[in-house]
2 protein chains.
Amino acid sequence: MTTTGGRSRPVTLREVAQHAGVSVATASKALNGKADVHPDTRRRVEEVADRLAFTPNSLARAITAGQTGTVGLLTHDLEGRFSLPILMGAEDAFGAGRTSVFLCDAREDAIREQHHLRALLGRRVDGLIVVGSKTDPRPSLGPDVAVPVVYAYAPSDDPRDASVVPDNVTAGRIATEHLLTLGRRRIAHVSGDATYAAARDRAEGVGQALAAAGLELVGPVRYGSWSEAWGRAGVGAALDAAPGIDAVVAGSDQIARGVLDALRDRGVTVPDDVAVVGFDNWEPMIAGSRPALTSVDMNFETMGRRAATRLFARIAGSPDEGVETIAPRVVVRGSTASG
Amino acid sequence: MTTTGGRSRPVTLREVAQHAGVSVATASKALNGKADVHPDTRRRVEEVADRLAFTPNSLARAITAGQTGTVGLLTHDLEGRFSLPILMGAEDAFGAGRTSVFLCDAREDAIREQHHLRALLGRRVDGLIVVGSKTDPRPSLGPDVAVPVVYAYAPSDDPRDASVVPDNVTAGRIATEHLLTLGRRRIAHVSGDATYAAARDRAEGVGQALAAAGLELVGPVRYGSWSEAWGRAGVGAALDAAPGIDAVVAGSDQIARGVLDALRDRGVTVPDDVAVVGFDNWEPMIAGSRPALTSVDMNFETMGRRAATRLFARIAGSPDEGVETIAPRVVVRGSTASG
DNA sequence: CTGTTAGCGCGTTCAG
DNA sequence: CTGAACGCGCTAACAG
């Protein structure tokens, strides 16, 4: 029974039954809380099982159950900051029950994705969650996959698939509405890479909120990259072009940090002179910013939980399709608060 | 064969055999590349398998193989930045073969850990990697776990277990040696929470390097918290106490960012006046810092790969115990470069 | 209440 | 080269 070297084979139900002096069927029923077992017998079996550290073999159980109680989580953004909270939400939703999660990282590679897909199907997962790295639609795995699939973050390009995505338009809108509520009227928007749907969607939301208030963005949407450096450069350009700006919607928390730094370098006071709001509510960026950054939380964990819940329902048989969006929320902090 | 709603049961080997007009045994041999099968027969079987999208059932295979080809990854730091690269390294090492990874997040909770442990053992994983959230030793799962276990990041408190940990003493040493090489002599150390072994180990390494050069730290090790705010405050205190400082070893990249910000606020030029080095080489922190931050990379991915490799060897039967440290490396950037 | 029998999907003997 | 029989660990259906 040493740790290093030879391992002992796990205890089987048969052994438990033998030690308890009953048949395997009785032992099975006793341990699974089924009726028609004498209380004394049940207690005896349970005691033996406990003593032998019996752990039922889920694989064997899966054979008859027709379900393995496992799901695959196929991500393309393991190192990124989006799939992690999604993963946690899903793990949370599954972990409460008796479902285990296979994690696979395909790293944006279609071949690796195919490889992992085969492996997961070979392990007879009951379902799949596919997590993309961008909010742009991604190719569907197709209707021929033998198990239910839910797409998270990146929706499937097939509307008949089930997808759960962040609502970036609303995010842009509520960020802007928050600024409008504070009385800001001359609002600029420094965003990330324009090839990302997330950037364009947020910009659209910003535009909607302004239009509803009879206002316009000060200057064009300044697309760039998702970096602090761009935040610094972008806000500089915006201020130079239009000095009277009283608020900036930054395309992400990283951009927002850059914006805050550049404003401080210029001697502009936040939030008194200019209010700043970011997106993602990403703790590491938020924690260090001066002042603390108001940010729109996309509720990724909720997204993961919803994906898991929908997958569960699909596995249980309920039909379900279409894209579901997760509502974001504004988390107010010092970069807009005292304005 | 619709996606939503009823799913078709996966194709079995039996069906393939029937469609190909052969026995299951023949079909099995044909698909597994075994000898004693007529080439024509083999091709026919392969063709049918392909047409029916046959995916061999890994669970059934596991029955005879005695191994499931799965491992459990039990982490306590899923949202943290340490377990992720470890996870990626492990996933990388396993993914190349035919091993799948069950991911469980126990969140520092012993009960949840026990729950997940039972679930994983029930699924008959071939082995386990346990990832801690701190480098302080953690309780061993004990010698009674039926499968090999490798501890990563946090070592087991039982020296007979196999552990893979970062080498924080060396990290502190090489960070300081790098500064000494640049001619810096008056070095301060602003670190994180002193209750973390990581903080104390790095400080020890810093001290070793200085002692070897016949020098001493300027001021005490300034322990605080792992935050930018503390980096700003800590370096301020250090400068006020001893104005002649020409380099700062920061306890983490986040602390280093705070240090950089405070120095810039004070009009101190980096790296000309003061050089700064951080730890972890954490991309999000590195990316935005001004100037780019020199940092000690703890090589977490290597750690994950080593953990996976050692686990593999243990599963294959080789005895293996003891703590293995992963060598860190200095990544030089602007915060020390032109000094 | 308890024991017996069958069978889940596959690989692996062993006879043919 | 092929086919039938066995076993893995467990549960469901039925018999006692």
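Throughout, protein chains are lettered first and strands after them, A, B, ... in sequence-line order, and every chain is numbered starting at 1.
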Just how far, in rounded Å, is C1' of C/dT2 from CZ of A/R44? 11 Å
Is it true that a side-chain atom of A/T70 and a backbone atom of A/S100 form a donor plus acceptor pair closer than 3.5 Å? no
How would nucleotides 5-14 of chain C be written as a contact map, 5' to 3', with B for base contact, S for sugar-phosphate-only contact and - for no contact, using protein heavy atoms under 4.0 Å? --BBBSSB--
Is the B/F94 ring parallel, tilted or perpendicular to the B/F312 ring (thresholds 30°, 60°)? tilted
Between B/D158 (side chain) and B/S140 (backbone), is there a donor-acceptor pair under 3.5 Å? no
Using the C1' atoms of the five pairs at each end, what is the angle between the end axes of the helix from C/dC1-D/dG16 to C/dG16-D/dC1, to 10°? 50°
Does OP1 or OP2 of C/dT2 have a side-chain N or O of A/T26 closer than 4.0 Å? no
Kindly say whether A/H76 contributes a backbone atom to a donor-acceptor pair with the side chain of A/R107 at under 3.5 angstrom? no
Holding to side chain to side chain donor-acceptor pair (under 3.5 Å), I want the full list of residues that pass it with A/D136, two or more places apart in sequence or in another chain. none
Donor-acceptor pair, distance only, cut-off 3.5 Å: does the side chain of B/R123 make one with the backbone of A/T68? yes
Say whether, by atom type as modelled, one donor and one acceptor occur between the side chain of A/T135 and the main chain of A/A198 under 3.5 angstrom. yes
Does A/T41 place a side-chain N or O at less than 4.0 Å from the phosphate oxygens OP1/OP2 of C/dT2? yes
Nucleotide C/dT2, atom P - distance to CG of A/L31 in whole Å: 13 Å
Spacing between A/E15 atom CD and D/dC8 atom P, to the nearest angstrom: 11 Å
Just how far is it from atom CG of B/D126 to atom CZ of B/R314, taken to the nearest 0.5 Å? 13.0 Å
